[in-house]
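One structure is given here, and the rest of the page talks about it.
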Amino acid sequence: MTLYSLFACRNSKHSDAMFGLFCLSVLFATSFKVESLECSSDQRCRCQNYQGQLWANCENLNLTTTPSFNNNVTGINLARNSLSTFPESLPRGIQYLDLSENILQKMDTVSLGNYKNLRNISVSSNKLRSIELGAFENSPNILHLDISNNQELTIEVIVNVSSDLRNSTSIRVLNFEKLQCTYGVSFNLMKYHTVFLRHTKLDELNLASNRINSLETGVITELPKSLKHLNLANNILSFGFYLAEFGDLPNVVSINVSFQASFRQVLTTEFLINCNDTRAVGKRLTEPNDILTKSPKLSLSLKRKYNISIFWPRNLKILYFHDNLYKFTLQDYVFKTAHMLTRIYMQNNIIYELNGPIIGFESVEYIDFSNNFCSYISPNFFQYFRNLSYLNLSHNALGENLEMDENGEIFQYLRMLTTLDLTRNRIVSLPDKIFRNLNKLENLNVSYNSLNKFSIPINHMTNLSNLDLSNNQLSYLNTETRKALDSVSQRREISVNLKGNRLRCNCENLEFIKWMEFSKNIKFLYFHNYSCVFLNSSNIHFSDIENLLQTLEKQCFSYTLLIVIMTSLIIVALTTTLSRILYRYRWKLRYMYYVAREKYKDDELRNRKYHGKEYHFDAFVSYAESDRQFVISLVKFLEDKSDLRLCIHHRDFIPGTGIEDNITNAIHNSRQTVCIMTSQFLESYWCMFELNMARMESIYSRNGENVLFLVALEESAMKKLPLSLMDLIESKSYLEFPEGGDVEEVTAFRSNLKRHLNRRTMASDT
């Protein structure tokens, strides 16, 4: 382990030493040979000699003043003390200085003036309110600088720091994380903040947790081309034209844009911080005006016919885009120059659908889409993920989508996939072809779902080594699945997890339980924690598997003999009974057969002679109960003034017959049907039933003849008619009652209706 790597340590689960807090304490806690040395005036400081260099660890000693150190000390750790002023009279040759977690309030031009050999310095988590211009001007050898978590500095301090380092050829890591207080308005990162960094050979830049909403056009373009790691996590970034500039970072290996607009834990201590969001920008060095004002020419066009092309840094390998509160679906995008991208972290977002296809991710090997509220994956989404080997889709809602994929189209292109995680997706069943092309699959996890059976063909998965079916609703594995696992296990040992399922202790599962106990190359994880349920609802654990098998074998032997005997007796009894019935009623059955056949022939004959049929009524009048008096008066007039016979339900329906039968017979035996249209008619179930039955009569029994006539008793009734019945209005088969009219208009209405019914009667007779 080199001194450089020790001082640049970082939580490795995020990236390769990316944007780390300086952890000099790791160096002092590292196990290497320690000599008894004296390096400080404070005896509590631990002195260590590492590779010929003397280190002093004075961490967490509650110091309020800085002790004196020997001149040959090159590394000093003063973290987690109570120092309020910058240390003076440190050894001139000091290279490593950790002042994090103190109560420093400012850094001026003389703070580091005498320490020209400094390579690594951390002043993170202090109470800094200002860093003067020129504070780092006389520190040309700084490799790592950490001023993070000083929430009263604001991002304006970046101008002074970057100005001091403008001519530095040694600076590699800058940590500007959390320079803004937690609560407040958002900020735009401007070009003047970082423009001086373009002269450096910076590797890592951390701008996380600064409430940055957007980047001015040109900020990304003006960053040094040497940059490899860019951290913009835990801000509130919105979409903007700056996204088109990422392609101008040729050497960037990782980009972190996670935790955007994420929920924050409310801490009362952070309310006590004096936010300097509105402070005036102090005097700063400037670049020539043309550098600060010019904007790069962008070729991004949002007018697209099929997709949007996005340019990535050509050496990008890792993209962190997780734990964001963006709500969207992944559509058809084209990613240019992403030929080196191998890992994508997009878990814990709100991505409802994966539609795609996404072009340009052929090199991606690892994707985490877990916990995204996703309920749909298009069959074409993974079309261009040809080299994908790890896919995590856990904690989504893909159950119904996967159940409908009967042809196995969702995963059909993932022929290189080795790990697939479908945990917690509300899966009830999986179609047989769902994994048909996953020949190289090694790890399959479908735990914590609701599978009641697992019969997926897995013979083609010759590399399968881990199958997790835990916490489902399985009662057993069928014979085909067991044979497939046995076949695959001949090549390698397979781990199978069935913990938390509802295994059954019955005769049908006896062979399955034996198979689990005696399988040689199949390792059942947590086997002794399994349990199964007997018919009497009692449980027994597999820790006593021998006793379980003995009990089942005894029960199943007696049950098998009993089942064979009872089945034979039932078959004999049924055969004898059926034979006697057929013999006793042989003539009656023949008679019933011939009668039914003749009835069918008579029905056909009657249908052929249908047009010669005589109707019992000239019209069936359908109306709502509230219009009864009007209809009675109208029917009395029509029957008295003309030779018409009308059917109305309260007078002519046959008692004791079902309503549906009465209605159907009335319509079938009437030349036409007259509907008195009112609002109450449209709200009545039986009225609408009569209207629709009349329509069916005209379509299927009268060869399309219009036998339905509407009378609009209310003007608004025809406007409320359902869209499916609007053809009745278009055919003009209706008559309007003169609502509120005089006697002459009512008389004319009745005459018109009588004339219409008489005309239809004469036409029918003809």
Side-chain angles (χ1 to χ4, degrees), residues 3 5-12 14 17 19-32 34 37-48 50 53-70 73-91 94-107 111-112 115 118-131 135 142 144-153 157 173-179 181-182 206 208-209 265 267-270 272-274:
L3 294 177
S5 61
L6 279 170
F7 213 87
C9 67
R10 170 69 170 164
N11 191 341
S12 61
H14 291 296
F19 315 117
L21 292 172
F22 298 116
C23 45
L24 192 58
S25 58
V26 173
L27 177 64
F28 298 114
T30 306
S31 298
F32 51 78
V34 180
L37 299 170
E38 199 172 302
C39 60
S40 172
S41 60
D42 193 321
Q43 299 298 321
R44 294 175 298 171
C45 294
R46 298 181 297 278
C47 303
Q48 296 166 320
Y50 176 68
Q53 292 185 322
L54 189 59
W55 300 75
N57 185 359
C58 302
E59 179 184 9
N60 199 23
L61 298 180
N62 199 27
L63 298 174
T64 57
T65 59
T66 307
S68 59
F69 296 93
N70 293 349
V73 172
T74 57
I76 299 175
N77 183 3
L78 291 168
R80 293 198 289 173
N81 285 293
S82 300
L83 301 178
S84 59
T85 58
F86 205 88
E88 299 178 357
S89 302
L90 295 176
I94 187 173
Q95 298 181 24
Y96 308 97
L97 178 60
D98 189 350
L99 290 168
S100 59
E101 298 186 60
N102 281 278
I103 54 175
L104 301 177
Q105 295 188 6
K106 70 174 183 177
M107 289 184 65
S111 297
L112 299 175
Y115 314 124
L118 267 178
R119 302 181 63 191
N120 299 272
I121 180 170
S122 172
V123 289
S124 67
S125 302
N126 277 274
K127 296 185 179 299
L128 289 173
R129 291 182 55 83
S130 67
I131 296 179
I142 290 183
H144 296 74
L145 174 59
D146 185 358
I147 62 172
S148 64
N149 201 24
N150 285 284
Q151 299 182 52
E152 296 187 46
L153 282 175
V157 76
V173 178
L174 283 176
N175 190 352
F176 294 139
E177 182 174 355
K178 208 167 189 178
L179 300 180
C181 56
T182 302
N206 185 0
S209 304
Q265 178 66 40
L267 301 175
T268 54
T269 55
E270 294 189 334
L272 302 177
I273 296 174
N274 182 23

How close do [X] and [Y] get, counting heavy atoms only, and between which atoms?
X: N150; Y: S124; answer: ND2-CA, 3.9 Å
X: L179; Y: S148; answer: CD2-CA, 4.3 Å
X: A79; Y: N102; answer: CA-ND2, 4.1 Å
X: N62; Y: N81; answer: N-OD1, 2.8 Å
X: R119; Y: Y96; answer: NH1-OH, 3.6 Å
X: P91; Y: I76; answer: CD-CD1, 3.9 Å

Separation of [Y] [atom2] from [X] [atom1] (nearest 0.5 Å):
X: D42; Y: L78; atom1: CG; atom2: CG; result: 10.0 Å
X: I147; Y: E177; atom1: CD1; atom2: CD; result: 11.5 Å
X: N60; Y: R80; atom1: CG; atom2: CZ; result: 4.5 Å
X: M107; Y: N126; atom1: CE; atom2: CG; result: 9.5 Å
X: R46; Y: E59; atom1: CZ; atom2: CD; result: 7.0 Å

Do we see a donor-acceptor contact under 3.5 Å between the side chains of D98 and S100?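 Looking only at side-chain atoms, S100 and D98 do form a donor-acceptor pair, the distance falling under 3.5 Å.
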
Check: R129 side chain, K106 main-chain N or O, donor-acceptor pair, under 3.5 Å: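 Side chain of R129 to backbone of K106: no pair is present.
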
With no hydrogens and no angle check, is any side-chain donor or acceptor of N149 less than 3.5 Å from a backbone partner on K178?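 No, because the side chain of N149 does not come within donor-acceptor range (under 3.5 Å) of the backbone of K178.
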
Would a 4.5 Å heavy-atom cut-off, applied to side chains only, mark [X] and [Y] as touching?
X: Q151; Y: K127; value: no
X: I94; Y: T74; value: no
X: L153; Y: I131; value: yes
X: C58; Y: N77; value: no
X: L90; Y: F69; value: yes
X: D146; Y: I121; value: no
X: V157; Y: S130; value: no
X: L99; Y: L104; value: yes

Please walk me through it: do N57 and C45 pass side chain to side chain contact (heavy atoms under 4.5 Å, CB included)? CA-CA 5 Å; N57 185 359; C45 294; over 6 Å; no

Evaluate C47 against C39 for disulfide bond (SG atoms under 2.5 Å apart), listing each step before the verdict. CA-CA 6 Å; C47 303; C39 60; 1.9 Å; yes

Apply side chain to side chain contact (heavy atoms under 4.5 Å, CB included) to the pair L83 and T66, showing each step before the final yes or no. CA-CA 7 Å; L83 301 178; T66 307; 4.0 Å; yes

